[in-house]
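Below: one structure, written as structure tokens.
Side chains are part of it too, since the values below use all heavy atoms of this structure and drop only hydrogens, waters and symmetry mates.
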Amino acid sequence: MTIRKERMKIQLSTVNILAVFIFCLSSFYFYEPFFFNDAILKVFYWFMLAIIFAFSFKYFLYTSEPYVFAASMRMLLLSMFISTLPALLFWGQSPVLTLRAMFPHLGFVLYFFLIATKPSFKSMVSLVWVLACLYVIVYLFSLTKAPDVIFGSFADRGIGDQRGLFRLFIPGRGFLFLSFFLAISNYVCTKRSIWLWISIGLFLIIVAHVIRQYIFFSFFIAGFVLIRKVSIWKKITFLLFGVVLSVYIYEYSSVIQALFSLTELQVSGGQQTEDIRVTAYSYFFTEFSPGLFSVIFGNGVPHEHSSYGYFYTQIVNDQMRLFMSDVGYAQIFAQFGLLGLVAVGVILFKSIFVKIPSKYLYLKLFLIFVFLSNVMSGYFLSNHNIAAICIVLYMFEVSSQAQLISKKATI
């Protein structure tokens with residue numbers, strides 16, 4: 001009887017992991033292939049979201065165990081549902097349209113599904129590597145086919161090579177960055193060269209995305225981790241090597257030269273792409289919300305088929321050239337108010353200060369990267385990253401509980 005129960009438990013665990021895997025793929029619409037109807041993929045995601053939410057509803061309402069992020073994640077999701085009210089009252093957008101526009105953000109419910117089903121830490125790590133490898137394969141294949149768009153076709157914009165490589169818009173890259181920091185952390189802990197080579201390979205793919213802030217933040221965080229505990233002479237050697245390598249790459253890499261040229265052009269005033277973010281932050285924080293109620297509870301997510309969506313796309317985007325997706329924290333505030341912004345702030349604070357074993361350093365590195373990237377992009381609320389963020393928060397829960405159990409055992 002016990003053997004039978006163990007078999008059923010293993011089978012149920014396998015089903016749960018499979019459900020998480022399929023949900024992750026559906027959350028970024030299976031990389032948005034051009035050869036599949038986007039409406040069907042979106043309906044499939046909504047179906048998976050309903051299943052995940054139904055199985056985790058009890059944990060969404062209440063958790064008896066002391067989970068680190070449960071309260072703040074609950075607050076974030078509640079702020080999303082509450083924002084349907086000011087969207088109706090002040091913008092005339094129906095709750096149905098607000099929910100439809102908000103569906104990608106509701107993927108954060110995956111966190112509650114994970115704490116409800118309690119998959120093993122090891123299975124989560126395996127899942128991260130599977131999704132990272134899938135993304136790399138899809139990205140490299142798409143790069144070989146550019147400028148023809150194979151994946152990432154839902155975004156109504158062409159791709160260009162002004163930055164030295166074709167810039168692709170394939171969702172799901174959160175697992176690429178997570179696997180990069182996982183490889184860096186494994187190298188620091190084990191000193192096995194295989195992890196360093198994997199890190200270098202993943203970083204080259206990050207560079208191939210030709211997104212400057214992602215390249216800079218991932219390089220800066222990884223570099224800091226790699227040299228923080230070595231001797232001063234090794235640090236100097238690493239820095240000198242880095243300078244020489246950087247000069248060499250700049251001289252012989254057309255991609256890097258294109259990125260530098262674009263930056264110089266923008267700084268010199270030829271374009272205002274970067275400076276406009278300051279204006280966007282000021283506008284969305286001080287002018288966008290029509291009243292105090294919206295400041296506290298947000299304005300909801302604008303839907304293109306409403307007057308609210310028309311104002312956002314035609315006036316704010318087209319005329320003012322301001323975009324929420326360029327200013328992540330202003331986006332959270334404008335859509336979900338102070339309530340949502342505080343929830344995200346608490347997640348950031350706890351992720352930095354919660355104690356976990358050193359071998360799980362990559363969890364903190366990834367979330368630091370997320371919150372830095374969110375300054376100049378809508379990184380936190382993007383369907384590129386929501387599933388990865390939820391998995392990392394759950395892994396935080398498992399590792400922090402293991403740390404507490406270990407401490408109690410030594411007392």
Side-chain angles (χ1 to χ4, degrees), residues 2-31 41 43-60 63 65 67-70 73 77 103-104 106-138 171-183 185-186 198 202 356-357 359-360 362-363 366-367 370 383-403 405:
T2 305
I3 296 176
R4 185 178 179 183
K5 285 184 178 179
E6 284 297 321
R7 286 179 179 174
M8 290 180 65
K9 187 176 179 181
I10 292 171
Q11 290 174 353
L12 182 60
S13 176
T14 303
V15 170
N16 291 335
I17 293 295
L18 183 61
V20 174
F21 174 67
I22 295 174
F23 178 79
C24 289
L25 291 176
S26 70
S27 70
F28 36 81
Y29 309 124
F30 296 88
Y31 308 107
L41 292 176
V43 169
F44 183 81
Y45 165 67
W46 298 346
F47 173 73
M48 288 299 302
L49 183 65
I51 293 176
I52 295 294
F53 188 78
F55 275 90
S56 57
F57 185 70
K58 175 184 174 182
Y59 286 80
F60 171 67
T63 50
E65 298 179 54
Y67 291 106
V68 178
F69 299 102
M73 288 293 286
L77 284 165
F103 265 124
L106 294 178
F108 282 111
V109 77
L110 175 62
Y111 165 82
F112 290 99
F113 180 78
L114 290 171
I115 64 175
T117 56
K118 295 180 173 61
S120 68
F121 194 97
K122 184 178 179 180
S123 64
M124 288 291 96
V125 174
S126 299
L127 182 62
V128 168
W129 282 118
V130 169
L131 288 167
C133 290
L134 277 175
Y135 179 81
V136 169
I137 292 169
V138 169
R173 61 177 170 240
F175 289 99
L176 168 66
F177 293 103
L178 177 53
S179 64
F180 171 68
F181 291 117
L182 176 52
S185 180
N186 285 349
I198 292 173
L202 292 172
I356 57 174
K359 62 181 178 180
Y360 303 137
Y362 57 90
L363 301 177
F366 175 72
L367 285 186
V370 167
N383 68 325
H384 287 258
N385 316 300
I386 287 177
I389 291 171
C390 290
I391 288 175
V392 166
L393 293 180
Y394 171 72
M395 293 169 77
F396 256 108
E397 302 288 5
V398 177
S399 58
S400 63
Q401 288 184 4
Q403 182 91 330
I405 293 172

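Atoms OG and CG, from S185 and L363 in turn, are 8.0 Å apart once rounded to the nearest 0.5 Å. Of the inter-residue distances, the one linking T63 atom OG1 with M73 atom CE reads 12.0 Å to the nearest 0.5 angstrom. Rounded to the nearest 0.5 angstrom, F28 CZ and H384 NE2 are separated by 10.0 Å. Between F60 atom CZ and I115 atom CD1 the span is 11.0 Å, to the nearest 0.5 Å. With rounding to the nearest 0.5 angstrom, the SG atom of C133 is 10.5 Å from the CG atom of L176. Going from atom CG of L134 over to atom SG of C24 covers 11.0 Å, rounded to the nearest 0.5 Å.
Ring pair Y45/Y29 is perpendicular by interplanar angle, where above 60° counts as perpendicular and below 30° as parallel. Aromatic ring pairs are classed by plane angle as parallel below 30°, tilted from 30° to 60° and perpendicular above 60°; the pair Y31 and Y135 is tilted.
The closest side-chain heavy-atom distance from L18 to T14 is not below 4.5 Å. In this structure, I386 and P104 have side chains that are not in contact, with every pair of non-hydrogen atoms separated by 4.5 Å or more. Between M124 and I17, some side-chain heavy-atom pair lies under the 4.5 Å cut-off. Contact check for P119 versus Y394: side-chain heavy atoms found under the 4.5 Å cut-off.
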Self-check item: Derivation and outcome, side chain to side chain contact (heavy atoms under 4.5 Å, CB included), residues L367 and L393
Solution: CA-CA 9 Å; L367 285 186; L393 293 180; 3.7 Å; yes

Quiz prompt | ring-ring contact (aromatic ring centres under 6.0 Å, His included) evaluation trace for Y67 with Y59 | solution = CA-CA 11 Å; Y67 291 106; Y59 286 80; 7.3 Å; no

Quiz item: Going through the checks in order, is the side chain to side chain contact (heavy atoms under 4.5 Å, CB included) test met by F108 and I389?
Solution: CA-CA 8 Å; F108 282 111; I389 291 171; 4.2 Å; yes

Exercise. For M395 and V125, run side chain to side chain contact (heavy atoms under 4.5 Å, CB included): C-alpha distance rounded to whole Å, both residues' side-chain angles, the deciding distance at 0.1 Å, then the answer.
Key: CA-CA 9 Å; M395 293 169 77; V125 174; 3.6 Å; yes

Practice problem: Output, in order, the C-alpha distance, side-chain angles, deciding distance and verdict of ring-ring contact (aromatic ring centres under 6.0 Å, His included) for F44 and F30. | Solution: CA-CA 10 Å; F44 183 81; F30 296 88; 5.7 Å; yes

Exercise. Run the numbers on L25 and L131 for side chain to side chain contact (heavy atoms under 4.5 Å, CB included), then give the verdict.
Key: CA-CA 8 Å; L25 291 176; L131 288 167; 3.9 Å; yes

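Between F23 and F113, a ring centre-to-centre spacing not shorter than 6.0 Å is recorded. Checked against the 6.0 Å centroid criterion, the rings of F177 and F181 do not qualify as a close aromatic pair.
Taking all atoms of both residues into account, the shortest heavy-atom contact from S400 to V68 is OG-CG2, 3.9 Å. Annotation for M48 and A19: closest pair CE-O, 3.8 Å, computed over non-hydrogen atoms. The nearest pair of heavy atoms linking P357 to S399 is CD-O, 3.6 Å. Nearest heavy-atom pair, N383 versus P171, reported as atom, atom and distance to 0.1 Å: ND2-CB, 4.2 Å. The heavy-atom pair separating I198 from A183 by the smallest distance is CG2-CB, 4.0 Å.
I391 pairs with exactly one of F396, F366, F175, Y111 by the side chain to side chain contact (heavy atoms under 4.5 Å, CB included) rule, that one being F175.
Counting heavy-atom neighbours within 6.0 Å of F55 CZ, excluding the residue itself, gives a total of 12 or less. A 6.0 Å sphere centred on CZ of F47 holds no more than 12 heavy atoms belonging to other residues, nucleotides or ligands.
Listed by first and then second residue, the salt bridge (Lys or Arg N to Asp or Glu O under 4.0 Å) pairs that reach into residues 112-124 are E65-K118, sequence neighbours excluded.
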